[in-house]
Amino acid sequence: MKYKIGIVLSGGGIRGIAHLGVLKALEEFGIKPSVISGTSAGAIAGAFYAHGYAIDEIVSIIKNGHFFNVSRTIRKKQGIFSMKGFEKIYHDYFPSNSFSDLKIPLYIAATDILAGEITYFSEGDLSQSIMASSCIPMIFEAVHYQGRSYIDGGVLDNFPIDPLLNNCEKIIGISVNSVQKDIQELHLNTIVDRTVHLLLRNTLQDKIQHCDLFIEPPNMSQFHMFGLRKIDAIFDYGYQYGLSLEKEIKQLIAE
């Protein structure tokens, strides 16, 4: 039995807030996913959404600092911080800590750093899976789960469409890593940021063709990957861009 609509959510740091804006626009056009697959920031947004939190609630959680509170992390030798500090946060918002209690089926992508393989979690410990997927290399110590060591899913699969292929009637892909082209000056942080996004973009091309609708708000690199002060602007940017696709979205529903 196929799912009606599957949605893929890319990684992208705090730019993942744009996913929530696009999801809000899709809701207003009558679209809710039957299944979600996400990496890193997309896994985080997808988990809260799949649990049943309203989009405004998710944005509020992030804005109020209850979620990206790095002061709750612990310094470790393999990275500047340990992901362990996030575990209580996830347990607070996902009391059962299980995929089985989510209202929407969810796949979460993480990179097995030793095997050099991508893993797609869809059952078991939800908090460990989210932490594994969003464990930024060198910033956070690898997450040790089920006898393996995991880092950010975006390293090997920043657009995890594979679990949805042949399992959905329609697939909507959302990427938040478009590159702004009209930059007047290049600085070191700009070069690093753009290099990461160009690498991510290069792995995306072959996957877009499998989407019935691909949504990528333009010029997302105008927002820094860790720019917490821009949460409202990023959300609104994704929302307004989603609204601008009314014709394409309604056509998808009609098909």
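None of these values were measured; they are calculated from a predicted model. Computed over heavy atoms, backbone and side chain alike; hydrogens, waters and symmetry mates excluded.
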Between Glu87 and Gln128, do the side chains contain an N or O donor and an N or O acceptor separated by less than 3.5 Å?
yes
Kindly give the heavy-atom pair with the smallest separation between [X] and [Y], and that separation in Å.
| X | Y | result |
| --- | --- | --- |
| Gly38 | Pro160 | C-CG, 3.6 Å |
| Val22 | Pro217 | CG2-CG, 4.4 Å |
| Leu243 | Glu28 | CD2-OE1, 3.7 Å |
| Ile174 | Leu23 | CD1-CD2, 4.5 Å |
| Pro105 | Ser34 | CD-O, 3.2 Å |
| Met220 | Val176 | CB-O, 3.4 Å |

Does Lys4 reach the side chain of Pro33, with side-chain heavy atoms less than 4.5 Å apart?
no
Got Ile172 and Cys211 here, is their nearest side-chain heavy-atom distance under 4.5 Å?
no
Just to verify, what does Leu156 make a side chain to side chain contact (heavy atoms under 4.5 Å, CB included) with, not counting sequence neighbours?
Thr111, Ile118
Return the set of residues passing side chain to side chain contact (heavy atoms under 4.5 Å, CB included) with Asp56 (not counting sequence neighbours), or none when no residue passes.
Lys24
Which residues pass the ring-ring contact (aromatic ring centres under 6.0 Å, His included) test with Tyr237, not counting sequence neighbours?
Phe223
Among all residues two or more places apart in sequence or in another chain, which pass the side chain to side chain donor-acceptor pair (under 3.5 Å) test with [X]?
| X | answer |
| --- | --- |
| Lys250 | Glu246 |
| Asp101 | Ser96 |
| Ser134 | none |
| Ser127 | His91, Asn97, Asp125 |

Validation row, ring centre Phe140 to ring centre Phe86 under 6.0 Å:
yes
Can you pull out every ring pair (Phe, Tyr, Trp, His ring centres under 6.0 Å) where at least one residue sits in residues 100-124? Sequence neighbours excluded, please.
Phe121-Tyr145, Phe121-Tyr150
Qualifying ring pair (Phe, Tyr, Trp, His ring centres under 6.0 Å) pairs with a residue from residues 17-44, counting only residues at least two apart or across chains
none
Here the side chain to side chain donor-acceptor pair (under 3.5 Å) pairs for residues 36-48, sequence neighbours left out, are Ser40-Asp152
NZ on Lys247 to CG on Leu245, rounded to 0.5 Å:
11.5 Å
So OH of Tyr239 and CG of Leu20: to nearest 0.5 Å the spacing works out to 13.5 Å
Could you tell me whether the side chain of [X] and the main chain of [Y] form a donor-acceptor pair under 3.5 Å?
| X | Y | answer |
| --- | --- | --- |
| Ser175 | Glu216 | no |
| Asn219 | Gln222 | no |
| Ser149 | Ile113 | no |

Surrounding CD of Glu123 (heavy atoms of other residues, nucleotides or ligands, distance under 6.0 Å), is the total greater than 12?
no
Name the atoms and distances for all side-chain donor-acceptor pairs under 3.5 Å in residues 45-54, with sequence neighbours left out.
unit_1 : atom_1 : unit_2 : atom_2 : d
Tyr49  : OH     : Glu27  : OE2    : 2.6
Tyr53  : OH     : Tyr93  : O      : 2.6

With salt bridge (Lys or Arg N to Asp or Glu O under 4.0 Å) as the rule and sequence neighbours excluded, what pairs involving residues 155-177 come up?
Asp157-Lys207, Lys170-Glu255
